[in-house]
Amino acid sequence: GATEPGMAAASFAAAAMSAQTPPANPGTTQQELFKTVMDDVLGRVVSIRVTTREPGNGSGPHRHPGSHTFGYVLEGTYEFRLDDGPVQQLKAGDTFYEPPGSLHAVSRNPSKTDVVKYLVIQVSDPAKPATVPEKK
């Protein structure tokens, strides 16, 4: 059935006010802005969040086995490498994409002084793990 525009806006606003996700590691925060199950798309879950990394902060190599991950840099510089590709210095306005299961080999803020903020949009299979650290 049809959804009233106000109801959709209200549910989005309620999701936007949700609590921040505990950091995966110190120096990183994630604020979930929106999350819903896409019943007509095989029950996939779509989530939108803002990740903020303090200067010099990063995460170890990892994979998102069930997620298509799209990113948009809001401010600062985001150092990014996928699989064995080149290390990229992404700036505000740049985008990135990680196919499910690909190796996110580099994910860090290379700045010594400025935070980096980026928007992450994921379409995920809830039956698969969200993030798996890469074994060394």
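- Counting only heavy atoms from C-beta outward, the side chains of Ser67 and Val123 never approach each other to under 4.5 Å.
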For this session: Output, in order, the C-alpha distance, side-chain angles, deciding distance and verdict of side-chain contact (heavy atoms from CB on, under 4.5 Å) for Arg63 and Glu134.
Result: CA-CA 7 Å; Arg63 297 175 190 268; Glu134 186 71 357; 2.7 Å; yes

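- Using a 3.5 Å distance cut-off with no hydrogens or angles, the side chains of Gln89 and Thr77 do not pair a donor with an acceptor.
- Side chains of Ile48 and Val120 form no contact here, defined as non-hydrogen atoms less than 4.5 Å apart.
- Sorted by first and then second residue, the ring-ring contact (aromatic ring centres under 6.0 Å, His included) pairs with a member in residues 38-64 read His62-His64, His62-His104; sequence neighbours excluded.
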Problem set entry | From CA spacing to verdict: side-chain contact (heavy atoms from CB on, under 4.5 Å), Leu33, Leu119 | CA-CA 10 Å; Leu33 302 177; Leu119 189 68; 3.8 Å; yes

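- Arg49 and Gln30 share a side-chain donor-acceptor pair at under 3.5 Å.
- Hydrophobic clustering keeps Leu42 apart from Met38 (ILVMFWY residues linked when any side-chain heavy atoms are closer than 4.5 Å, directly or through intermediates).
- Side chain of Asp83 to backbone of Leu103: a donor-acceptor contact under 3.5 angstrom is found.
- The side-chain heavy atoms of Pro55 and Lys112, taken from C-beta on, include no pair separated by under 4.5 Å.
- Note: the hydrophobic cluster containing Leu74 also contains Phe70 (ILVMFWY, side chain heavy atoms under 4.5 Å, direct or indirect links).
- Within the model, atoms CG of Asn109 and OG1 of Thr51 stand 12.0 Å from one another, a figure rounded to the nearest 0.5 Å.
- Inter-residue side-chain proximity for Pro129 and Pro65 is flagged as met; some heavy-atom pair is nearer than 4.5 Å.
- Under the 4.5 Å side-chain criterion, counting only non-hydrogen atoms from C-beta, Tyr78 is not in contact with Lys91.
- In this structure, the side chain of Ser111 engages the main chain of Thr113 through a donor-acceptor pair within 3.5 Å.
- When hydrophobic side chains of Ile, Leu, Val, Met, Phe, Trp and Tyr are connected at separations under 4.5 Å, Val37 ends up clustered with Val45.
- A donor-acceptor contact closer than 3.5 angstrom is absent between the side chains of Thr52 and Tyr118.
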Exercise. Could you go step by step and tell me if Ser59 and Arg53 meet the side-chain contact (heavy atoms from CB on, under 4.5 Å) rule?
Worked result: CA-CA 10 Å; Ser59 62; Arg53 290 189 181 278; 3.3 Å; yes

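- Aromatic pair Phe96/Tyr72: ring centres not closer than 6.0 Å.
- We find the CG-OG1 distance between Leu90 and Thr95 to be 8.0 Å, quoted to the nearest 0.5 Å.
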Exercise. Where do Val115 and Glu75 land on the side-chain contact (heavy atoms from CB on, under 4.5 Å) test, with the steps shown first?
Worked result: CA-CA 8 Å; Val115 300; Glu75 68 180 73; 3.6 Å; yes

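- Side-chain atoms of Asn57 and Thr28 form a donor-acceptor pair, as typed in the model, at a separation below 3.5 Å.
- Shown here are the salt bridge (Lys or Arg N to Asp or Glu O under 4.0 Å) partners of Asp125, two or more places apart in sequence or in another chain: Arg44.
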